[in-house]
Amino acid sequence: MRLAEHRYSSIASIKGPLLFVTGVLSARMGEVVRVLFPDGSEMEGEILKIAGDTVLIQVFGESRGLDVENSSVIFSDAVKKAPLSPEMLDRVFDGSFRPLDGEPMFVPEGWTPVTGFPLNPTSRARPEEFIETGFSVIDGLNTLVKGQKLPIFSSAGLPSRELAAGILRQARMTRKGESDLVVVFVALGLTHHEYAYYMQTLEGMDTPFVAFINLASDPVVERLLAPRFGLTVAEYFAFERGMDVLVVVTDMTNYCDALREVSTAREELPGRRGYPGYMYSDLASLFERAGRIKGRPGSVTMLPVVTMPEEDITHPIPDLTGYITEGQIVLTRALHQKGVFPPVDILPSLSRLMQRGIGDKLTRADHRDTANLLYKHYSKGRDLRSLEAIVGREGMSATDRGMLDFADAVEGEFIHQEGERRNIAETLDTGIALLKRFSLEVP
Amino acid sequence: MKGRITGISGPTVTIDVKGLKLYERVAIGRARLLGEVVRLEPKRAVVQVYENTSGLALGEEATGLGNPLTVRLGPGLLNRIFDGLQRPLSDLAASQGPFLLAGEEIPPLEKGRVWIFHPSRKPGEEIASHDILGHVEEGPFRHFITSQGACGCLASIMEGEFTLDQPVAVLEGGEEIFATHDWPVRTPRPWRKKLPPTEPLITGQRCIDFFFPLARGGTAIFPGGFGTGKTILEQTITKFAAADMVIYVGCGERGNEMAEMLEEFGSLTDPWSGQTLMTRTIMLVNTSNMPVAAREASIYTAVTLAEYYRDMGYNVLLLADSISRWAEALREISSSLEEMPGEEGYPTYLSSRLASYFARAGVVETLAGGTGSLSMILSVSPPGGDFTEPVTQACLRTTGSFLMLDTALAHRRHFPAIHWFQSFSLYEGDVETGFEKKVDPRWGELKKACRMLLQREETLREVAEIVGAEGLQDEDHLLMNVAERIRRDFLCQNAYTEDAFSPPEQTFERIRAIIDAYNEAKERLAAGEPVEEILKGGAP
């Protein structure tokens with residue numbers, strides 16, 4: 001504990017969002033500092049590295065205007081913390097936790113380090129209660145459960161925004177009578193247009209929410225901070241107040257690019273595609289905060305949106321995400337062009353926790369069999385499309401033509417939903433009706 | 001040796017302590033975080049710290065602890081879950097609550113627990129340096145206690161109830177021998193002789209046992225992209241493999257998977273012993289969001305535990321999911337040390353470290369005179385599913401079996417998604433004779449037939465894509481049909497049903513039925529029967 005506030009004017013160099021301060025007597029790893037600009041304004045920063053008496057600081061904001069002579073840094077002797085209070089509900093903040101909705105900042109009940117702490121695996125409760133999103137392709141075939149981390153893998157121009165907004169609007173817990181659901185929405189690098197769209201969705205919802213908005217014009221470094229604020233708030237509502245929290249983060253690609261930018265400025269050795277080698281662990285430090293705790297009510301469920309650069313699922317961002325999250329919902333251009341919404345490609349999509357969240361007493365007794373049959377026959381139909389491309393429909397057998405039609409019907413009637421919300425019973429019935437219509441086995 | 005922190009960068013901390021040894025343990029900061037010395041320079045040392053360095057301050061004290069990172073060996077490790085540094089996770093939860101906070105030390109073996117010692121030697125006898133003195137019962141096992149290097153005439157030996165802080169034997173010089181001892185994790189435990197691996201390690205997975213058998217004392221890697229079923233396959237093997245005990249390391253992977261495994265294993269029955277699976281298992285867990293440097297240590301903690309039970313004459317299986325996360329930890333530490341990077345940023349010593357690690361597997365004649373084995377199965381997570389990456393390639397050079405998990409198969413929900421052309425097992429020849437003797441003499445013949453059928457199917461499939469299924473000859477129709485049966489009914493295995501475990505006899509029976517049915521169908525075709533009739537009747 002420091003007895004006096006330490007203030008240094010010995011800034012040795014400034015590079016983008018990074019500051020080197022020399023002659024430092026006492027510094028803590030991860031310590032929060034206040035950077036004082038020559039014009040009197042202030043910004044927060046964090047200590048990233050200590051080498052002898054030189055300290056590397058990352059500024060949480062635009063470092064434009066800082067200079068080596070007339071700026072100074074005050075060390076706070078504390079790590080970055082988030083303020084917490086039940087009054088956070090229905091508030092909108094920026095990426096640095098400053099109010100954006102015109103209301104004054106709330107009085108915090110307490111403060112918690114934003115990095116959180118890892119959950120002891122023996123304290124984890126298995127995620128298994130069903131969250132009904134209202135979209136058949138998710139509820140029926142890639143079921144989302146409380147405590148899961150399930151991303152949406154999208155590409156440029158695909159309606160990930162509409163899907164995320166749809167889930168926000170339609171998500172319901174089906175087991176309890178009333179929903180104790182809270183949404184934490186973290187937006188990274190949004191355009192004003194997207195911001196308006198999401199805000200309209202949030203304000204039209206009954207569900208209480210907390211929003212952290214970082215626009216494309218806001219400081220890049222905030223993109224590293226905002227998800228951590230969001231998750232800290234989510235953990236508070238979930239594990240201290242027993243609520244079920246759905247955390248939607250969009251877009252993780254902007255997060256990873258910010259990570260790469262800071263890493264490059266730190267002259268760290270780049271990994272694949274220039275992203276830092278520790279990106280896996282960094283993403284894990286976010287995604288692994290989803291879950292449930294044994295003996296405590298409440299859950300944190302994460303739905304990050306990842307726009308795959310170059311539509312390439314082997315790109316480091318979706319690839320590393322896939323290794324951490326419990327499945328993925330993959331959107332595809334081919335379906336989007338056919339007018340299917342949501343354009344989810346079933347084959348690469350997966351919910352790893354689905355098996356435990358479905359069946360008798362959870363969704364419906366015939367859920368598993370229906371899903372397996374739909375998947376099996378759809379995938380046969382998909383395989384046959386390559387044959388069709390060569391020999392044409394006429395060159396194929398009647399059975400094969402039937403499979404092709406079945407695949408089309410699944411896309412057009414099961415996956416595609418024109419603005420209507422379906423509950424799980426309707427989803428399963430729609431699937432079974434399709435199987436019956438094509439004289440396929442039913443459960 | 002005391003000193004102060006002079007620099008902090010990620011998981012590495014620089015201290016101005018002199019006189020430390022490489023890999024010596026150090027307590028860093030007021031919180032006394034544990035680390036190991038990884039670099040020594042004239043006036044300073046660099047330490048890799050196994051916990052989150054956030055909050056450590058410049059100038060805080062650092063103390064050399066005098067010995068390298070060790071693991072505590074003794075009765076009471078089975079049926080438990082630890083982190084990579086052997087801290088018992090359930091005890092940590094009881095003491096800290098559900099979140100893992102830094103710096104707490106909890107001994108891995110319970111002090112007050114009472115054991116019953118069954119001596120096998122008598123006072124007055126001459127004890128050689130690694131003789132077995134007796135055993136305690138632990139779960140379904142006899143946990144043998146040796147003299148651990150001490151030798152001389154036995155003055156007294158324990159009989160009946162005791163706790164671990166009491167000596168189990170005293171020699172005539174006054175030397176006390178305890179049931180527990182520490183072993184440095186980076187030093188392989190010694191053996192008398194290494195023997196070639198010739199016994200199969202039965203996994204109960206048809207594709208593996210039949211086509212790519214693992215050997216007791218052998219090594220195997222399962223590389224695959226995400227979603228290919230690595231973890232499910234590893235967990236299924238953990239449940240059913242014919243090993244005495246299993247050490248499972250969750251290295252940098254999902255917390256939910258570990259929690260689920262712990263719960264399952266506490267309730268499922270081991271088909272070989274009849275007790276719960278957990279009684280023959282030790283789990284070591286470092287999840288992906290736990291401190292990265294600890295992953296580096298965790299695989300060494302695990303292999304030392306495995307060697308300990310091997311030295312008692314048991315067949316031990318070590319599984320790690322996933323070795324790629326260890327390599328990433330190695331890369332991060334190397335980067336903090338500003339070492340010159342190799343391919344893809346990994347340190348140039350990645351291959352040699354992996355090779356040394358694999359070398360700790362094997363069948364050995366133990367110092368006590370018995371035979372024990374340590375088998376290793378490691379999953380690999382190649383970025384982008386690209387197997388040409390450094391970690392997969394480095395493993396390929398030393399591994400005995402390579403089971404490639406294929407994304408295309410996984411997308412077709414063909415599980416386990418083992419690619420039957422790209423995978424291999426160098427132990428195949430050795431263990432085949434064993435299978436032919438113990439299960440059925442036709443084992444090798446049927447395997448060859450299967451391989452040939454699958455190979456032929458591959459060629460025909462390309463033809464069928466052009467001319468359509470109708471364009472194929474009748475014999476080829478039959479072949480496509482049997483190949484599909486092989487894939488669907490033999491190679492595929494559902495980890496969630498009773499089919500999850502298929503002992504070799506059952507495996508053989510199933511493939512025999514398929515191949516014999518095919519041969520019969522071929523005869524009927526040759527006799528003039530139309531292929532549609534054969535497929536209708538003969539097909540399942």
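The shown structure was predicted, so the numbers you read here are calculated from the model rather than taken from an experiment. Atom set for the values below is all heavy atoms of this structure, side chains included, hydrogens, waters and symmetry mates excluded. Naming: A, B, ... by sequence-line order, numbering from 1 per chain.
Proximity of B/Leu262 to A/Thr122: side-chain heavy atoms (C-beta onward) are separated by under 4.5 Å at one or more points. Within the 4.5 Å cutoff, the side chain of B/Pro98 has heavy atoms near those of the A/Arg296 side chain. In this structure, the side chains of A/Gln328 and B/Phe226 come closer than 4.5 Å at one or more pairs of heavy atoms. Looking only at side-chain heavy atoms (C-beta outward), A/Leu119 and B/Leu100 stay at 4.5 Å or farther from each other.
Nearest heavy-atom pair across A/Gly277 and B/Arg331 is O-NH2, 3.2 Å.
Between A/Arg28 and B/Ser54, the side chains place no donor N or O within less than 3.5 Å of an acceptor N or O (distance only, hydrogens not considered).
For chain B, the option among A/Leu320, A/Thr54, A/Ile324 with the highest count of heavy-atom pairs below 4.5 Å is A/Ile324. Note on B/Gly225, B/Gly59, B/Gly385: by heavy-atom pairs under 4.5 Å with chain A, the leading option is B/Gly225. Between chain A and the options B/Met283, B/Glu263, B/Met290, B/Gln96, the largest number of non-hydrogen pairs under 4.5 Å is found for B/Glu263. Chosen from B/Ala93, B/Ala57, B/Gly7, the residue pairing most often with chain A at heavy-atom distances under 4.5 Å is B/Ala57. Chain B forms the most heavy-atom pairs under 4.5 Å with one residue out of A/Thr325, A/Ile47, A/Asn372, and that residue is A/Thr325. Of the listed residues (B/Leu56, B/Thr6, B/Thr287), the one with the most heavy-atom contacts under 4.5 Å to chain A is B/Leu56. No other option in A/Gly327, A/Pro127, A/Ala389 has as many heavy-atom pairs under 4.5 Å with chain B as A/Pro127. For the options B/Ser381, B/Ala259, B/Ser335, B/Ser9, heavy-atom pairs under 4.5 Å to chain A are most numerous at B/Ser381.
A donor-acceptor pair under 3.5 Å is absent between the side-chain atoms of B/Asn289 and the main chain of A/Ser285, judged by distance alone. Counting only distance, with no hydrogens or angles, the side chain of B/Glu344 and the backbone of A/Gly271 share no donor-acceptor pair below 3.5 Å. Under the 3.5 Å distance criterion, the side-chain polar atoms of B/Arg412 are left unmatched by any main-chain donor or acceptor of A/Ser379. A distance-only check finds a donor-acceptor pair linking the side chain of A/Tyr280 to the backbone of B/Gly252 [under 3.5 Å].
Looking at A/Lys294, there are no atoms closer than 4.5 Å to chain B (heavy atoms on both sides), in backbone or side chain. Within the 4.5 angstrom heavy-atom criterion, no atom of B/Tyr346 approaches chain A. Using a 4.5 Å cut-off between heavy atoms, B/Glu264 touches chain A through its side chain atoms alone. A/Tyr375 touches chain B through its side chain: at least one heavy atom from C-beta onward sits under 4.5 Å away, while N, CA, C and O do not. For B/Arg44, no part sits under 4.5 Å from any heavy atom of chain A, backbone or side chain. Contacts between A/Leu347 and chain B at a heavy-atom distance below 4.5 Å involve backbone atoms as well as side-chain atoms. For a residue to count as touching a neighbouring chain, one of its non-hydrogen atoms must lie under 4.5 Å from one of that chain's; by this rule A/Arg382 does not touch chain B. Contacts between A/Arg124 and chain B at a heavy-atom distance below 4.5 Å involve backbone atoms as well as side-chain atoms.
Summarising the local packing, CD of B/Glu338 is surrounded by 12 or fewer heavy atoms from other residues, nucleotides or ligands at distances under 6.0 Å.
Note that B/Arg325 lies in the cation-pi zone of A/Tyr323, set by a 6.0 Å cut-off to the ring centre and a 45° limit from the axis.
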Take A/Ser281 and B/Arg295 through the side-chain hydrogen bond (donor to acceptor under 3.5 Å, both in side chains) test and state the conclusion after the steps. CA-CA 11 Å; A/Ser281 306; B/Arg295 285 184 213 161; 3.0 Å; yes
